[in-house]
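In what follows, every chain begins at residue 1, and chains take the letters A, B, ... in the order their sequences are listed.
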Amino acid sequence: MAPKPVMSPIPMHLYPAVSALLLVVGLLVSAFFFIYEATTSTRNRSLAKELVTATIASGFLGFGSLFLLLATGVYV
Amino acid sequence: MPPVRGCKHSSSQGPVTTFEVIGPITSPASDLQGHPHSLGCLLLDARRFAGRKRTSRRPSIPVQLDPVRFRTWPEISRSGVKYWKAKTSEASRRRRDGKENEIRGRHGDRSAPPPLLLSFTPICLFYAGDSSPQRGEKDRLDFANRKGFLDFEGTSDVNLNCLFFPPNVENYGAPEVPEILIAFSPTESEHLAILKASTVEGKRKKKTYVPLSVSPVSSPDAPNGAQLYSVTLRSPLQSGEMTTVETLYVLTHSLEPFPTEISQSEPQLVYYRDSATILSPYTIVEQTVYIKTPSSKVESYTKVEPTARSGSETRYGPYHDRLPYSFSPVIVHFENNNPFAVVEELVREIEISHWGNLQIRDHYRLKHAGARHKGVFSRTMAAWGYFYWVYDTYAKHPCRLDYQFRQSLSASFKTLLAMLPPRVHSVYYRDDIGNISSSHLRINSQKSELEIEPRYPLFGGWKATFTIGYGLPLQDFLFESSDGRRYLNFSFGCPLIETVVDDLTVKVSLLVLFCFGKFYTLNSINVTSYLSIVILPEGSRNPTAAVPFPVNQHLETTYSYLDVVGRTTLVLQKRNVVPEHNYPFQVYYDFNPIFMLAEPLMLVSSVFLFFVAYIAYVHIDLSIRRPLKTNS
């Protein structure tokens with residue numbers, strides 16, 4: 001039985017595309033977050049909305065930066 | 001003009017023309033009086049015949065030069081050597097001027113040739129299987145027709161001696177013998193890099209080689225500290241039976257350059273010391289030794305009758321009925337201009353990233369271990385030496401004899417070749433100064449060849465330090481075994497071909513996770529570590545290595561990108577590594593793929609921390625002014 005080779009979970013030739021996509025989405029969400037912070041006044045702010053937006057944005061940005069590192073050759 | 005006789009004949013290297021001067025060689029002036037030639041031509045002729053005075057037989061002038069051979073300098077040098085060597089005979093060497101002999105360090109007295117002649121007896125030293133071979137009782141395991149081949153043909157190093165023994169072992173009366181002992185002298189066993197044995201099965205066309213296991217045997221009672229190794233036979237040898245076993249062993253650092261210092265243009269001569277009779281605890285019925293040198297230029301060799309030498313092969317033997325442990329030291333002094341590249345220290349770092357890449361960094365300390373270089377190093381002569389030789393040979397200027405360049409440029413080397421696996425990417429070759437651009441990479445589907453040129457050609461005693469790094473796709477080397485453990489299958493040894501490594505260290509790094517109170521064991525050490533938080537993903541536990549030959553192992557921790565705890569590194573260390581050690585070895589470890597998420601989660605959490613900090617900053621009121629009161 002031939003031993004099974006171990007491969008990365010996402011095909012390697014997709015790394016640049018995946019990183020670009022995730023980073024773009026992450027930046028869009030973080031832009032929404034900052035616009036929300038800038039436009040609403042202190043009394044109308046909703047902490048839950050802030051936190052949810054921050055979570056989504058950090059998730060996309062984190063994964064996007066990981067794939068950016070992998071795409072440029074820094075195999076972490 | 002003195003009469004000149006020229007003859008043209010063909011030799012193995014192609015048609016060559018030899019010019020011989022017949023008759024008394026008179027001084028140019030008296031001979032050429034009234035000659036119609038011009039002064040310039042007269043001088044040319046004078047130089048020619050003045051040169052003739054010294055040697056009656058000049059190196060032959062190659063009539064045809066293969067234009068293809070002008071491509072690279074090393075190729076030119078080797079082809080020229082062949083032409084030159086074809087005609088240089090022992091007699092003409094003897095008649096060479098004394099000054100040359102001084103340069104080489106040879107003794108002028110030719111009447112007593114140094115007793116150098118290395119004969120090498122057949123390869124295998126078989127020791128019959130008794131744990132304590134008794135002297136009183138004749139060893140019943142006799143060897144018939146032992147032939148040994150010592151082949152220096154392809155070896156350029158100080159180090160590599162590949163010896164092949166196909167002896168026939170016959171059991172003359174002992175009870176069945178399960179193993180055969182091979183003996184080495186203490187100096188040989190110090191330098192022994194690898195010892196392999198195999199039996200031959202089948203007849204001529206269907207020969208198959210079945211490897212046998214070899215293990216060292218402690219032998220405190222062997223005379224003069226001889227070391228014994230035992231070869232386990234597949235089936236014990238019965239009384240009266242005969243079997244054939246082939247062994248191959250490689251000795252490192254066993255060619256001693258003599259003279260120890262040579263100038264840039266001199267060829268390199270080396271001593272090889274060995275025994276005309278094979279060291280063996282058995283009685284050898286018949287043995288013969290053949291020594292094959294890389295060229296037919298053998299300075300001297302010890303004569304132990306019967307001895308014969310033809311071309312590049314020297315034969316000692318056959319000898320009959322030698323006693324056990326008989327040893328007749330011989331020395332062969334021959335020319336060996338192959339590059340003696342020795343890597344003093346090689347550190348290989350293999351970094352496994354489960355995202356798809358295997359990164360390898362090799363740190364080399366290279367040394368030229370041949371005869372040390374003395375005198376000046378002229379880079380122009382090194383580069384243009386061939387053309388100096390042409391000018392020198394054709395012009396025959398007597399003053400140029402000091403600078404006579406043998407075309408081999410002695411044993412210096414400029415390039416090295418490294419064999420890398422196929423599908424390699426991001427190859428770099430640099431040292432402490434920076435990138436070294438003199439390298440070529442050729443990739444094909446089976447292998448990649450990296451040809452590197454250090455910043456300067458390496459002469460005797462010179463060193464170079466550099467780093468080669470490259471990346472490989474993970475699926476070629478990392479596999480999952482049937483019991484769920486992952487293993488890395490990689491080749492041990494140095495990718496540089498035809499080099500010997502004195503000290504090789506291989507470091508394999510894996511990411512380690514200490515997670516949620518899991519225990520792990522490292523090799524035979526029981527270590528218990530309890531952590532309650534996730535620090536790094538890619539939990540790799542229980543690293544073990546499976547290497548076909550003995551190495552020293554220990555564990556370390558290295559820190560790399562996005563590391564907090566550090567990666568467990570398995571370090572394998574071995575001395576005296578030769579190209580025969582390029583076997584694949586495996587490193588097994590446990591790994592849970594869910595732990596690959598730890599790296600992106602670390603990045604996510606750091607970005608989230610930034611957002612949370614911003615939210616906190618926005619919500620916290622740090623003003624000193626009293627807040628505005630509402631109207632009551």
Side-chain angles (χ1 to χ4, degrees), chain A residues 1-16 18-19 22-23 26-27 29-76, chain B residues 351-359 425-426 428 471-482 484-489 511 536-538 560-563 567 586 589 591 593-594 596-621:
Chain A
M1 181 190 84
K4 200 174 64 160
V6 169
M7 293 197 285
S8 75
I10 296 169
M12 281 174 64
H13 60 272
L14 290 181
Y15 280 162
V18 168
S19 76
L22 289 175
L23 282 175
L27 287 172
V29 177
S30 59
F32 176 78
F33 171 81
F34 284 113
I35 289 169
Y36 179 76
E37 291 289 336
T39 51
T40 61
S41 61
T42 319
R43 274 174 287 124
N44 294 344
R45 259 189 221 125
S46 148
L47 189 64
K49 204 167 171 184
E50 281 175 345
L51 281 177
V52 165
T53 316
T55 313
I56 298 171
S58 62
F60 278 106
L61 282 177
F63 276 90
S65 59
L66 171 81
F67 284 105
L68 181 67
L69 282 174
L70 292 175
T72 51
V74 179
Y75 284 93
V76 295
Chain B
E351 190 172 315
I352 303 173
S353 161
H354 286 106
W355 292 104
N357 185 54
L358 202 69
Q359 182 69 26
H425 65 87
S426 314
Y428 59 85
L472 295 166
L474 194 65
Q475 60 255 32
D476 287 347
F477 296 96
L478 199 64
F479 302 99
E480 194 160 329
S481 66
S482 46
R485 299 190 81 190
R486 295 189 174 193
Y487 66 94
L488 166 76
N489 191 33
L511 279 188
L536 279 185
E538 290 199 4
S560 182
Y561 306 111
L562 300 184
D563 277 356
R567 307 187 181 204
Q586 287 86 36
Y589 62 96
F591 176 74
I594 202 72
M596 275 169 77
L597 275 182
E599 280 159 347
L601 284 179
M602 197 163 64
L603 290 168
V604 164
S605 58
S606 61
V607 178
F608 184 66
L609 204 68
F610 164 73
F611 280 113
V612 164
Y614 181 75
I615 292 170
Y617 168 73
V618 164
H619 279 262
I620 289 173
D621 187 13

What are the two closest non-hydrogen atoms of A:P5 and B:Q475, and how far apart are they?
CB-O, 3.4 Å

Among A:S30, A:G26, A:S8, single out the residue with the greatest number of heavy-atom pairs under 4.5 Å to chain B.
A:S8

Tell me which donor-acceptor pairs under 3.5 Å the side chains of residues 67-76 of chain A have, and how far apart each pair is, sequence neighbours excluded?
unit_1, atom_1, unit_2, atom_2, d
A:T72, OG1, A:L68, O, 3.0
A:T72, OG1, A:L69, O, 3.0

Show the nearest heavy-atom pair for residues B:Q359 and B:G471, with the distance to one decimal.
OE1-CA, 3.8 Å

With chain B as the partner, which of A:G62, A:S58, A:G64 has the greatest number of non-hydrogen pairs under 4.5 Å?
A:S58

For B:F610, is it the side chain, the backbone, both, or neither that has a heavy atom closer than 4.5 Å to a heavy atom of chain A?
side chain

Is A:F60 in contact with chain B via its backbone, its side chain, both, or neither, using a 4.5 Å heavy-atom distance?
neither

A:I10, part contacting chain B, at a heavy-atom distance under 4.5 Å
neither

How are the rings of B:Y617 and B:Y614 set relative to one another: parallel (under 30°), tilted (30 to 60°) or perpendicular (over 60°)?
tilted

Would you name the heavy atoms of A:E50 and A:F33 that are closest together and state the gap between them?
O-CE1, 3.6 Å

